[in-house]
Amino acid sequence: MSEIPSPPSRIPEQVRRLGVVAVLMAGGFIVVRTWAISPEYKDTSLQKSEAVEREKAKPVHYAGAAACTECHEDQCGEQQLGKHRNLSCGTCHGALQKHVDDPLNEANRPYAPRERDFCPQCHAYDPARPTGFPQINPAIHNPLKPCISCHKPHAPEPPETPQECSACHAEIARTKMVSPHALLECTTCHTTLEEHKTTPRGAKPSRPTTREFCGTCHNKGTAEKSAPKVDLATHEVKYLCWQCHYPHSP
Ligand code: HEC
Ligand code: HEC
Ligand code: HEC
Ligand code: HEC
Ligand code: HEC
Ligand code: HEC
Ligand code: HEC
Ligand code: HEC
């Protein structure tokens with residue numbers, strides 16, 4: 001009687017071997033984790049409480065904005081109503097725990113940023129800032145004077161609403177002043193709502209959009225006497241006038 005060969009196992013040999021290795025590794029991990037590591041290394045609450053102790057031992061530098069109210073009610077109240085309400089006192093005055101602990105000590109006197117180059121850290125033109133964020137060009141915005149001579153640092157507001165276009169468009173106004181268009185009012189070419197002076201970006205003035213607009217003074221045969229004439233029908237018809245003539249200094 002010939003021997004019947006046993007049927008081959010359905011699980012391939014190499015998988016069974018890998019299985020043995022996996023079981024050994026898992027077993028090893030459990031053994032080491034359960035018996036080989038001492039409990040204090042595994043106890044996270046112990047680690048947490050040590051971290052708290054460690055952090056508590058560090059010296060406190062920032063007093064927090066709430067600490068200032070007690071002695072500087074005026075500044076705190078003023079700031080809450082102004083545009084700077086979301087800035088903490090420490091943003092401008094620095095870390096002040098020592099000052100809070102011993103306010104009369106001259107050595108702890110807070111720093112107050114009275115100089116001009118401090119404020120542009122947040123307010124100088126930078127295209128990366130959000131649209132509508134109030135920005136200025138420090139080189140031309142009322143140069144040489146400290147910012148706080150016009151803006152209260154705790155409740156900054158433009159000191160008064162300027163009426164002249166030149167208060168904000170100084171460069172254009174200066175250019176126009178010495179050009180052939182010196183005698184034209186800005187509003188001849190830009191219809192401007194009063195709101196533009198308080199919310200410039202919210203109420204934008206119009207701009208001329210057609211050749212015919214310039215033609216009202218410059219076209220051959222129009223009534224305006226002092227303006228030099230061109231024939232609108234033949235003078236560079238393909239382009240808008242201000243592609244060649246800068247309107248503020250033609
Ligand atoms: C316990 C009372 C007290 C607390 C709390 C306190 N201050 Fe003062 N602070 C004073 C006194 C008093 C002076 C005046 C010191 C002087 O004139 O020599 C002063 C002066 C100042 C000045 C003036 C510096 C200058 O150059 O004119 C600033 C700025 C200031 N504190 C900011 C703060 C801020 C910000 C906080 C909160 C983190 C704060 N203080 C918390 C009592 C306090
Ligand atoms: C945007 C920056 C800025 C912030 C934010 C700010 N301060 Fe000031 N603070 C200044 C400047 C600048 C001065 C100097 C004003 C001056 O000399 O006219 C000043 C002056 C002071 C003074 C001296 C007295 C005075 O009015 O001149 C005190 C007190 C003071 N700040 C407290 C505070 C407290 C409290 C807060 C938070 C509620 C705060 N500041 C937030 C910029 C700031
Ligand atoms: C840490 C950033 C920061 C600093 C520093 C800072 N500002 Fe401001 N400023 C702001 C923010 C935020 C606003 C509110 C913007 C808004 O309302 O959209 C603002 C608003 C203003 C406005 C506009 C008020 C209005 O009615 O449109 C003026 C003016 C101004 N700040 C002046 C100053 C001056 C002067 C200083 C220096 C003493 C200063 N800022 C320092 C963040 C800053
Ligand atoms: C001589 C007074 C004066 C000085 C100095 C001055 N400003 Fe102004 N600031 C104004 C007036 C007036 C306006 C409103 C008209 C305008 O936008 O120019 C204004 C407007 C602003 C605005 C709002 C702009 C907007 O688009 O909403 C900011 C921000 C500002 N100033 C920041 C500063 C900073 C920062 C400094 C210092 C580097 C400074 N100002 C110095 C008078 C002044
Ligand atoms: C308080 C300051 C302020 C005053 C005053 C002011 N402007 Fe402006 N104007 C601005 C600002 C800020 C912008 C926006 C610039 C930007 O978006 O880059 C602007 C934009 C403009 C634009 C361009 C609009 C566009 O389509 O982009 C025109 C035109 C203009 N102003 C004309 C005028 C005229 C004319 C006057 C006077 C009657 C005037 N402005 C007064 C601040 C002012
Ligand atoms: C003769 C007509 C005319 C007059 C006067 C005039 N502008 Fe303009 N302005 C234009 C035209 C046209 C444009 C559009 C240019 C463009 O779209 O490229 C323009 C564009 C502008 C812009 C936006 C583009 C830029 O150059 O920054 C501002 C801001 C502006 N004008 C302000 C003024 C102010 C302020 C005055 C007065 C001091 C003034 N304009 C006078 C015709 C005029
Ligand atoms: C309200 C009338 C008026 C309007 C609108 C007007 N201009 Fe003029 N323009 C004049 C006057 C007046 C002069 C000449 C002033 C002088 O030289 O005495 C002039 C001069 C000129 C000159 C000649 C400069 C020279 O001397 O060589 C050019 C170019 C010019 N304007 C272009 C334009 C353009 C472009 C527009 C449209 C954006 C425009 N003008 C809108 C009145 C106007
Ligand atoms: C492609 C460029 C271009 C365009 C667009 C253009 N011009 Fe001119 N313009 C010129 C040149 C170059 C001159 C000077 C040579 C000449 O007289 O032809 C001139 C001259 C002028 C003069 C001066 C004439 C004199 O006698 O001193 C006026 C006014 C004028 N243009 C107005 C306009 C007006 C208004 C428009 C729009 C309807 C316009 N231009 C469009 C290029 C242009």
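Not measured: the values here are computed from a predicted model. Whatever order the structure lists them in is the order used to number ligands and atoms, beginning at 1.
Using a distance-only test at 3.5 Å, with no hydrogens or angles considered, no donor-acceptor pair links the side chain of His154 to the main chain of Cys76. Remark: side-chain polar atoms of His123 are paired, donor with acceptor, to backbone N or O of Pro134 under 3.5 angstrom. Judged by distance alone, with hydrogens and angles left aside, the side-chain atoms of Gln79 form a donor-acceptor pair with the main-chain N or O of His84 at under 3.5 Å. Thr222 places no side-chain N or O within 3.5 Å of a backbone atom of Glu224 that could act as its donor or acceptor partner.
One of the N, O or S atoms belonging to His235 lies under 2.8 Å away from atom 8 (Fe) of ligand 8. Taking backbone and side-chain atoms together, His245 has an N/O/S atom less than 2.8 Å away from atom 8 (Fe) of ligand 8.
Rounded to the nearest 0.5 Å, atoms SG (Cys241) and CG (Leu232) are 6.5 Å apart. Of the inter-residue distances, the one linking Asn142 atom CG with Arg116 atom CZ reads 7.0 Å to the nearest 0.5 angstrom. The NZ atom of Lys42 sits 6.5 Å away from the OG1 atom of Thr34 when rounded to the nearest 0.5 Å. Separation of atoms OG1 (Thr199) and CD (Glu194) is listed at 10.5 Å; rounding is to 0.5 Å.
Crowding of Glu185 atom CD: a count of heavy atoms from other residues, nucleotides or ligands under 6.0 Å not exceeding 12. Counting heavy atoms of neighbouring residues, nucleotides and ligands inside a 6.0 Å radius, atom CD of Glu212 exceeds 12 of them. Within a 6.0 Å radius of CD in Glu73, no more than 12 heavy atoms belonging to other residues, nucleotides or ligands are found. Under a cut-off of 6.0 angstrom, the local environment of NZ in Lys229 is crowded, with over 12 non-hydrogen atoms contributed by other residues, nucleotides or ligands.
In summary, the atoms of ligand 8 found under 4.0 Å from a heavy atom of Cys214, numbered by their order in the structure, are 35 (C). Taking a cut-off of under 4.0 Å to the non-hydrogen atoms of Val230, the atoms of ligand 8 that pass are 21 (C), 22 (C), 28 (C), 30 (C), 31 (N), 32 (C). Atoms of ligand 6 lying under 4.0 Å from any heavy atom of Glu185, numbered from 1 in the order shown and given with element: 5 (C). Heavy-atom contacts of Cys241 reach the following atoms of ligand 8: 34 (C), 35 (C), 36 (C), 37 (C), 38 (C), 39 (C), 41 (C) (cutoff under 4.0 Å). Annotation for ligand 6: atoms under 4.0 Å from non-hydrogen atoms of Cys189 are 1 (C), 2 (C), 3 (C), 4 (C), 5 (C), 42 (C), 43 (C). Taking every heavy atom of Leu240 and a limit of under 4.0 angstrom, the matching atoms of ligand 8 come to 5 (C). For ligand 8 and Cys244, the ligand atoms under 4.0 Å from any heavy atom of the residue are 1 (C), 2 (C), 3 (C), 4 (C), 5 (C), 42 (C), 43 (C). Listed by number with element, the atoms of ligand 6 under 4.0 Å from a non-hydrogen atom of His169 are 29 (C), 35 (C). The contact set between ligand 6 and Ala173, taken as ligand atoms under 4.0 Å from a residue heavy atom, comprises 38 (C).
At a threshold of 4.0 Å, the pair Glu50-Arg54 does not count as salt-bridged, since none of the basic side-chain nitrogens sits closer than that to a carboxylate oxygen.
If you look at Pro208 next to ligand 6, the close heavy atoms, those under 4.0 Å, all belong to the side chain.
Within the 4.0 Å heavy-atom shell around ligand 6 one does not find Thr188.
Considering backbone and side-chain N/O of Glu236, none are found under 3.5 Å from N/O of ligand 8. For the pair Arg207 and ligand 6, the shortest N or O to N or O distance falls below 3.5 Å. Between Arg211 and ligand 8, a contact under 3.5 Å exists for no N or O pair. Between His181 and ligand 6, no N or O atom pair is found at a separation short of 3.5 Å.
Under the 30°/60° scheme for interplanar angles, the aromatic rings of His248 and His190 are found to be tilted.
With Asp101 as the fixed residue, the side-chain hydrogen bond (donor to acceptor under 3.5 Å, both in side chains) test singles out one of Gln97, Lys98, His99: Gln97.
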Just list the N/O pairs, ligand 3 to protein, that are under 3.5 Å apart, with the distance for each.
from     : atom 1 : to     : atom 2 : distance (Å)
ligand 3 : 7 (N)  : His84  : NE2    : 2.8
ligand 3 : 7 (N)  : His123 : NE2    : 2.8
ligand 3 : 9 (N)  : His84  : NE2    : 2.8
ligand 3 : 9 (N)  : His123 : NE2    : 2.8
ligand 3 : 31 (N) : His84  : NE2    : 3.0
ligand 3 : 31 (N) : His123 : NE2    : 2.8
ligand 3 : 40 (N) : His84  : NE2    : 2.9
ligand 3 : 40 (N) : His123 : NE2    : 2.8

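Atom 8 (Fe) of ligand 6 lies closest to atom NE2 when only the N/O/S atoms of His248 are considered. Distances from atom 8 (Fe) of ligand 6 to each N, O or S atom of His190 single out NE2 as the nearest.
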